[in-house]
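This report refers to the structure that appears directly beneath it.
These numbers come from a predicted model, not from an experiment. Numbers here simply count residues along the sequence, with the first being 1. Computed from heavy atoms alone, side chains included, the values below leave out hydrogens, waters and symmetry copies.
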Amino acid sequence: MENFKFFKDVFSINVDNKNILLYGENGAGKSSIYWSVYTHFQAYAKNQQEAQKYFTANHAQNLRNRYAAADDDSAIRISFDNGKGSTKIVEDSNKCYYADDPVVLRFMKFTSMSSDFMNYKFLSSLFDFRNSQDNEVFFLFEKEVLPYIDLDNQLWLISGEDADTNNAGEWWGYLVRTFKSDEIPRSQRTNSFDQRTPLYKNYQDLLHQFNDLLHSKLKMLIAKANVIIKNEFHLESEIILQYKDASFNDRLGNRRFDGELHRPKIYLKASMISDHLVDKSLIEHPRSFFNEAKITCMALALRLAILDNHPTTNEAPSVLFVDDLLISLDMSFRRKIIEILLKYADKFQTFIFTHDRAFYHLVWSEIGITRSQNKWKKFELYMQHKNGIPGSFILEPKKPLEEAKMHLHNFEIPASVNAVRRAAEHELKRLLPANLMYDLKSKTLLCDLNGLIDHYRKFANKIGLPDVIPHLQDERKLLLNPFSHDDIDTPFYRTELELTINEIENLSKIDKKIVVDTEDVNEKEFVFRMEKDGTVYEFIIIFKERFCEYKYEGNRYWNSPKIELKSSCVENIDCKEWELNRFYERLCLFVYHSTDGTPKIIECLRDKVTGDLL
């Protein structure tokens, strides 16, 4: 962003092909990022004057930064990467109207149609009507829904040409533009529309098709939304859609017609679905009946149904921007919706913005639960004033190890030591099985650093991992209480700290991969298969604990979870509970008789259903 909305001069974010979680304090420009991208994406559908007015000094609708001089450039630039070494920079500015380039126009059109923007304002607007008002929302759908859904038929112009689109927004846009143009013939005598002409009849036919197709699509979306309301939010309610057709040149009386295009009307109502209901009448005004949380969930369910229906293509990216979506929800609903949103990150490059720090940490926690941190970057956005002008600075929170190095470089020894301790605990908890993170005596309390180090070294020795932290236990006092030393600024103390940082860095280089995760423990059957000289030995096993693989310096190691042997093709290998390594060793002895050529343990494990190696 350059001299646009909140941002003076150039403000950039290095997305790095990741999903983004961004916390922005109030007034720091978070929503300006959201609306900047929205403006950029929507420029494909505007003519040059409409698209560039936002960047043009002195235009009544410009969105330029108010501290920018009239001759300063104003622009939004986005770099798109196809993941195959090719990038495309698309600019929207006072100098560049990207839709002038047919190739870029096609790319941005598909990008916009396959992407979506979700914020609390839209959700709250869906049912934001007083009792005296009808809950009629076509004006919202025209802007927020129609551009992102496809109808089941192609659009044909009234001249008979194929418009090469079935997008609902483009259908409706063409109907509006054609009505306002001179394309539909008028009678020279009365200046009213000439109903005898083929073009008039074609327009009426097209309008009838639009009504049928849009109504059908909306009924399907409402049905999907009601499934989400029931299965995901567990509410005893559903949305009811009522649709009134758009019409053109309505009859007023004998030979009198109004000559107008009347927009369709979409009414959103609700009903309760409990078997215990006495009053099953339609709820005409949902906001007056349901609380804020339920209204938000119903609106979000409809938004997600629309999102699921977005057309996608390999020609362009699919992006989802979410800005302060869950302001009014309590914690239980927030967790559920975060869980749902994170599933969409596999289909959409997802940007989640919030001014709520607790929500920011909650989302990151849920990302950690899904073990997808490597697919995300998180940023924090703060306001700063420079020469009296408000602006933003953005930072990417550092991992504790990076923070420790930074503080050490700046000779901030106590701060470095605190970060080192957090880094050590983080890496040890990342690598240890869950049961080894707890104190063996109390069985409930998390281990202190001493216990974590001790448990890790025993665990690493058991599975064959090299000892990459030989001095960490000796340096534990350094990590626990730096102020017990009166020489923390001496070169000797800093050398000890550097050694500790190096050992923790070695821990960070150990890659952990979960091969069999919690949801498959005690549930899913696997095949353990060995073959020698044409003879195949197959066993059916169930994992009783998670199975993990560790990689360090090109070598692979595995933990030894408990397994239950369900079926055995060898008489003296009993169906019972085993440690995986013990079972593997026993089978190697039986099949290979301690000779060379035994397969690695991971090469013996297959999915029972697909037959694929794990």
Any heavy-atom pair between the side chains of [Y] and [X] that's under 4.5 Å?
X	Y	answer
Lys462	Lys458	no
Glu545	Leu580	no
Ser416	Ile501	yes
Ile510	Glu427	no
Phe233	Ile340	yes

Taking only Lys NZ, Arg NE, NH1 and NH2, and the carboxylate oxygens of Asp or Glu, determine whether Lys509 and Glu505 approach each other closer than 4.0 Å.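 No salt bridge links Lys509 with Glu505.
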Presence of salt bridge, Asp517 and Arg546, under 4.0 angstrom: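 Counted as a salt bridge, because a side-chain N and a carboxylate O are separated by less than 4.0 Å.
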Partner residues of Trp558 under the side-chain hydrogen bond (donor to acceptor under 3.5 Å, both in side chains) criterion, sequence neighbours left out: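 Counting only residues at least two positions away or on another chain, Trp558 forms a side-chain hydrogen bond (donor to acceptor under 3.5 Å, both in side chains) with Glu549.
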Assess whether atom NZ of Lys513 is packed by more than 12 heavy atoms of other residues, nucleotides or ligands within 6.0 Å.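 It does not: Lys513 NZ has 12 such atoms or fewer within range.
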If you draw a 6.0 Å radius around CG in Asn555, do more than 12 non-hydrogen atoms from other residues or ligands fall strictly inside?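 Correct, the count exceeds 12.
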May I ask you to check whether Asn19 and Lys377 show a side-chain donor-acceptor distance below 3.5 Å?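 No pair is found: no donor N or O on one side chain lies under 3.5 Å from an acceptor on the other.
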Taking atom types as modelled, is there a side-chain donor on Asp308 or Tyr344 under 3.5 Å from an acceptor on the other?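 Looking only at side-chain atoms, Tyr344 and Asp308 do form a donor-acceptor pair, the distance falling under 3.5 Å.
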Not counting sequence neighbours, list each pair that qualifies as a salt bridge (charged side-chain N to carboxylate O under 4.0 Å, His left out) and has a residue in residues 353-363.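 Qualifying pairs: Arg334-Asp356, Arg357-Glu380.
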Restricting to ring pair (Phe, Tyr, Trp, His ring centres under 6.0 Å), what partner residues turn up for Phe117, sequence neighbours left out?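 Phe117 satisfies ring pair (Phe, Tyr, Trp, His ring centres under 6.0 Å) with Tyr34, Tyr38, Phe41, Phe321 once adjacent residues are dropped.
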Under 3.5 Å donor-acceptor, Asn17 side chain and Gly83 backbone: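 Here the side-chain-to-backbone pair does not exist.
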Do the side chain of Asn226 and the main chain of Ile239 share a donor and acceptor less than 3.5 angstrom apart?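 Yes: the side chain of Asn226 pairs with the backbone of Ile239.
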Check each of Lys608, Lys566, Arg606, Arg529 against Glu538 using the salt bridge (Lys or Arg N to Asp or Glu O under 4.0 Å) test, and report the only one that passes.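 Going through Lys608, Lys566, Arg606, Arg529 one by one, the salt bridge (Lys or Arg N to Asp or Glu O under 4.0 Å) with Glu538 is satisfied by Arg529 alone.
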Any chance the rings of Phe459 and Tyr550 have centres within less than 6.0 Å?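 Yes: the rings meet the under 6.0 Å criterion.
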Looking only at heavy atoms, what is the nearest atom pair of Cys297 and Leu235, with distance?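 Closest approach of Cys297 to Leu235: CB-CD1, 3.9 Å.
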Trp578 and ring pair (Phe, Tyr, Trp, His ring centres under 6.0 Å): which partner among Phe543, Phe583, Tyr584?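 Result for ring pair (Phe, Tyr, Trp, His ring centres under 6.0 Å) with Trp578: Phe583.
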